[in-house]
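Here's the structure, in structure tokens; my notes come after.
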Amino acid sequence: MKKRNLMLVAAATAAATAVSAGAAAPVKLTYDTPAGDWMTEALPIGNGYIGAMFYGTPMADTIQFTEESLWEGGPATGTTTNEGGNRADAWKYLAPVRALLDSGRVAEAYALANRELTGKIDRSGVRPGDPEFGDYGAQQTFGNIIVRTLLSGADTDTVSDYVRTLDIGQAVGNVAYRRGGADYRTEYWASYPKRIVAAKYDNTADGGAGYEVLLTTPHRDVSIRRVGKDRLELTGRLTGNKLGFQAVVTVRTDGKFVSAPKSAPALRVEGARYIEVYLSAGTEYRNSYPTYRGGNPEALNEKVLAAIDRVPYDSLKAEHVRDYRSVFDRVLLDLGTNGQAELTTPERQRQYAQGAYDPALEALFFQWGRYLLISSSRPGTMPANLQGKWNHSVNPPWACDYHMNINQQMIYWPAPLTGMPEVNAPLVEYILSLREPGRKTAREYFNARGWSVHTMNNPLGFTAPGWEFNWGYAPNAASWLAQHLWEQYAFYPDSVYLRTVAYPVMKELAHFWFDYLTLDPRDGTLVSSPSYSPEHGDISAGAMMDQEVAWDLFTNILEADLILPDTDRAFIDSVRTARERLSPLKIGKYGQLQEWKEDLDDPQDNHRHVSHLFALHPGRQISPLNDPKLAEAARKTLVYRGDDGTGWSLAWKINFWARLLDGDHAYKMSRRVLRPAGSATKMATGGGAYSNLLCAHPPFQMDGNMGYVSGVAEMLLQSHRGTMQVPVIDLLPALPVAWPNGEVQGLRARGGYTVGMEWKDGKLAEATIEASGQSPQKLILSYRENIRALRIRPGERITVKF
């Protein structure tokens, strides 16, 4: 995306930047042991560009780090051709596949689609330890900073009084312990303004302590050298695509630098009361199709380190905390407490799983998700991937990529809801960058205008369907992404952004649907064919989710036309006609909302994907207040599917039940997400979260954490029923009995409103509504059976009691 578009997104967030709910009570994760396992115990910090995990091991600490753009796969250095996984002229097989489906020859249709309508990857060069998906590649870990504390004399003292914390209100980690009569402490943080990861180790030992700092990496084509007395440089190239990268660590201290052993480049200090460790890292990657090159990591690192040269540690840290809190503090959530905050986080989680009432832990988990998203997605960075910006592997699960059949979208659900529009900016930029490679995919697979992206997508131009049809084919994915462009406008109205950024993408995607949708000979409606209900199947004509996503796109376009009328009236007429002719939602023989056009649902089926409920959430096609019959069918679907599932699936169900106005069932699902998970590879029944509160699919994925945040927000505030001309805000629509008293400040509603509420004994005490500079003047507030029509001036703040 061009700089001007980033500026437009920033302009759309100005109102949010000005609103702060104020700091809540301290929100911390607390442990009495160091981390032993990366995925389940280490704690994450990040600045959007770099994600780091700290273990806090006494006397021998590890900080594992990942730079966002270190990706294997895609085009190699100097290559200007980029097929993006596409098969040339694959669209010629569309008609034969459709004909087979229309004649009921489903197995043959699948075999042909799986052979000809899938993407291509090359696994021929894969060696042990390489990314399993061949030239599709994978996000790569960068390496580790190892910090050893060196003691003089016999090393026989034991560690006592150990504590490891992560204060998510400040985005600062801490480790403290005693050994040999001295106190040792480490502080960790990652600065977005300065693009660094920082750690400070200090001690009270007589005469100070010695420290040794090393850099390590699993990559083969690298060199690690000491530069001067206070600097380590790790420089290399990936073995597959030859992407160049560099990390630089500098150390400040009050001690004395001394020579380190030549066997491994290291920085060694003696007699130090403290050392400060600063990390900068970058690669040659640039999001520029088709080569995705152009970055200069050496120049970047020099610029980053020059900007912190001679700036005191405390000043750098203070700047980081101010910057982070300028986003985090916009939302306050107080659900009460039962005094368990003094326990370690694993113990609180264990007691919670046994039925303990701990609303403060639930509020912490809500804010934890916001912390993770702020730390992994800021303007100018790449968007958060499946694991945010935290990855310790060269062959991570699902390539640590961008999954577009729900996961990527789900990761960003909290951004507009909880006062973080600039956190959405990397996703907006990334969506715009997908258009050029995606147009090639639309041409090759569908002979269509517009653009297309499917389930698995990397930042190297792979927009083709995945290499197996049953999970990789998702023609609705680009339009689902475009919903985020519309929501950015809906929550933060900015007519310039709508006209120049969001609307052109939505219009282009409408042309894709015009060309891809086909007449169903069974009833003459428009359907997606072939289609595949995500990861559930089978191949069919008219899997309902595709029509629901198209309906959502068309509806948003028609609403945008009321705000900024399109001069191309023929296009608007085509959108309206196409929406009217879409195959409608249907209720099946079990009273369920049908997943397929045919009534094929099985009430014994508990599959984790419930994608046809997109119309309920995040879509707005179904509302129990507007469409009670369809809402009841959606409810029956959820009952049949059950309350178990993987982490992200459980989290999505919180949102579904909230939209059905069943706060107690939404709360039941939220408890399942928060309870302790199994191991990093084997999930306990019902999913959950690891002891570091990272949500388990398994393994760790960000989407479960983000779905929890979104679900809690939907329990407390909804605004999808109205229009931008007359927004409808539902206050406490799905408040559970478990939260009888509480307060929330800073939630956002469509139309550009900031909302705060207090409730007592399960009833709303008062609500405050603040309009942005472009909010519409007409507004409807709804609380249970009470409806109030208001007029509110842009910039005005009002208090309402029911």
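These numbers come from a predicted model, not from an experiment. Numbers here simply count residues along the sequence, with the first being 1.
- Listed here is the closest heavy atom pair of Gly688 and Cys695: O-SG, 3.6 Å.
- With a 4.5 Å cut-off on side-chain heavy atoms, Asp552 and Trp486 do not count as touching.
- Taking the six-membered ring where tryptophan is involved, the planes of Trp413 and Trp652 are tilted, since the angle between them lies from 30° to 60°.
- In terms of modelled atom types and a separation under 3.5 Å, the side chain of Tyr402 and the main chain of Pro383 share a donor-acceptor contact.
- Between Leu747 and Leu417 the shortest side-chain heavy-atom distance does not fall below 4.5 Å.
- Of the possible donor and acceptor atoms, none in the side chain of Glu559 sits under 3.5 Å from a partner among the backbone N and O of Phe554.
- Between Arg522 and Asp520, at least one side-chain nitrogen of the basic residue sits less than 4.0 Å from a carboxylate oxygen of the acidic one, meeting the salt-bridge criterion.
- Asp703 and His697 are not linked by any side-chain donor-acceptor pair at a separation below 3.5 angstrom, with hydrogens and angles left out of the test.
- Note that NE2 of His665 is 11.5 Å distant from CE of Met715, once rounded to the nearest 0.5 Å.
- Taken to the nearest 0.5 Å, the CG atom of Leu616 stands 6.0 Å off from the CD1 atom of Ile622.
- In this structure a side-chain-to-backbone donor-acceptor pair under 3.5 Å is present from Gln718 to Glu714.
- For the atom pair NZ of Lys778 and CD of Gln725, the computed distance is 10.0 Å after rounding to the nearest 0.5 Å.
- Side-chain N or O atoms of Tyr357 include one that pairs as donor or acceptor with a backbone N or O of Ala738 at under 3.5 Å.
- Between the OG atom of Ser533 and the NE2 atom of His609 there is a distance of 9.0 Å, given to the nearest 0.5 Å.
- Using a 4.5 Å heavy-atom cutoff, the side chains of Pro618 and Gln483 are in contact.
- Trp471 is listed as a side-chain neighbour of Met456, based on a closest heavy-atom distance under 4.5 Å.
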Test log, rule side chain to side chain contact (heavy atoms under 4.5 Å, CB included), inputs Val755 and Leu731: CA-CA 9 Å; Val755 180; Leu731 306 172; 4.1 Å; yes
Side chain to side chain contact (heavy atoms under 4.5 Å, CB included) evaluation trace for Leu650 with Tyr708: CA-CA 9 Å; Leu650 294 175; Tyr708 183 97; over 6 Å; no
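- Side-chain atoms of Asp627 never come within 3.5 Å of backbone atoms of Leu630 as a donor-acceptor pair (strictly under, hydrogens ignored).
- When all heavy atoms of Trp759 and Leu335 are compared, the closest pair comes out as CZ2-CD2, 3.9 Å.
- Between Tyr445 and His454, every side-chain heavy-atom pair lies at or beyond the 4.5 Å cut-off.
- For the salt bridge (Lys or Arg N to Asp or Glu O under 4.0 Å) test, no residue two or more places apart in sequence or in another chain qualifies with Asp601.
- Within the model, atoms CG of Leu781 and CD1 of Ile769 stand 5.0 Å from one another, a figure rounded to the nearest 0.5 Å.
- With respect to the salt-bridge test (charged N to carboxylate O, under 4.0 angstrom), the residues Asp523 and Lys597 qualify.
- Relative to the ring axis of Tyr516, Arg98 places its NZ or CZ within 45° and under 6.0 Å from the centre.
- Minimum interatomic distance between Gly762 and Leu735 (heavy atoms only, all atoms of both residues): O-CD2, 3.9 Å.
- A heavy-atom distance below 4.5 Å is found between the side chains of Phe366 and Thr418.
- Taking every heavy atom of both residues into account, Ile411 and Met706 meet most closely at O-CG, 3.1 Å.
- The side-chain tip of Arg449 does not point at the ring of Phe514 from less than 6.0 angstrom away and within 45° of straight on.
- In summary, the side chains of Asp599 and Gln592 do present a donor paired with an acceptor at a separation below 3.5 Å, with no hydrogens or angles considered.
- In plain terms, the two heavy atoms of Ser452 and Phe512 that are nearest each other are CB-CE1, 4.2 Å.
- Counted by atom type alone, Asp730 and Ser782 present one or more donor-acceptor pairs between their side chains at under 3.5 Å.
- The pair Arg620-Glu487 does not count as a salt bridge, with every side-chain nitrogen at least 4.0 angstrom from each carboxylate oxygen.
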Side chain to side chain donor-acceptor pair (under 3.5 Å) assessment of Asn424 paired with Tyr492: CA-CA 11 Å; Asn424 213 36; Tyr492 298 91; over 6 Å; no
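- A donor-acceptor pair under 3.5 Å is formed between the side chain of Gln547 and the backbone N or O of Ser528.
- With hydrogens and angles left out, the side-chain atoms of Thr754 and Arg748 include a donor and acceptor closer than 3.5 Å.
- Exactly one of Thr455, Asn405, Asn470 qualifies for a side-chain hydrogen bond (donor to acceptor under 3.5 Å, both in side chains) with Glu535. That residue is Asn405.
- Between the side chain of Ser529 and the backbone N or O of Ala541, no donor-acceptor pair lies under 3.5 Å.
- Not a single donor-acceptor pair under 3.5 Å links the side chain of Arg370 to the backbone N or O of Pro414.
- A salt bridge does not link Lys629 with Glu632: every distance from a Lys NZ or Arg NE/NH1/NH2 to an Asp or Glu carboxylate oxygen is 4.0 Å or more.
- Inter-residue side-chain proximity for Val453 and Trp480 is flagged as unmet; no heavy-atom pair is nearer than 4.5 Å.
- Side chain of Tyr783 to backbone of Leu764: a donor-acceptor contact under 3.5 angstrom is found.
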CA sep, side-chain torsions, deciding dist, call: Asp662, Arg635, salt bridge (Lys or Arg N to Asp or Glu O under 4.0 Å): CA-CA 10 Å; Asp662 190 338; Arg635 189 193 69 81; over 6 Å; no
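- Applying the 6.0 Å contact sphere to NZ of Lys589 captures more than 12 heavy atoms from other residues, nucleotides or ligands.
- Using modelled atom types, one finds a donor on one side chain and an acceptor on the other under 3.5 Å when comparing Ser772 with Ser775.
- Nearest approach of Val673 to Gly704, heavy atoms of both residues: CG1-O, 4.3 Å.
- Salt-bridge annotation for Asp561 and Arg569: present, with a side-chain N of the basic residue lying under 4.0 Å from a carboxylate O of the acidic one.
- The aromatic rings of Phe469 and Tyr110 sit perpendicular, their planes meeting at an angle over 60°, well past the 30° parallel limit.
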Stepwise side chain to side chain contact (heavy atoms under 4.5 Å, CB included) test for Met506 and Leu553: CA-CA 7 Å; Met506 295 160 58; Leu553 174 73; 4.0 Å; yes
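- Remark: side-chain polar atoms of Ser670 are paired, donor with acceptor, to backbone N or O of Tyr667 under 3.5 angstrom.
- Side-chain N/O atoms of Trp739 and Glu362 include a donor and acceptor closer than 3.5 Å.
- Rounded to the nearest 0.5 Å, atoms CD (Gln701) and CG (Asn407) are 5.5 Å apart.
- Between Leu434 and Met404 there is a side-chain heavy-atom pair separated by less than 4.5 Å.
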Candidate pair Tyr590 and Asp602, rule side chain to side chain contact (heavy atoms under 4.5 Å, CB included), full reasoning: CA-CA 9 Å; Tyr590 299 109; Asp602 178 357; 5.7 Å; no
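- Checking Asn556 against Tyr489 by side-chain atom types alone, no donor-acceptor pair falls below 3.5 Å.
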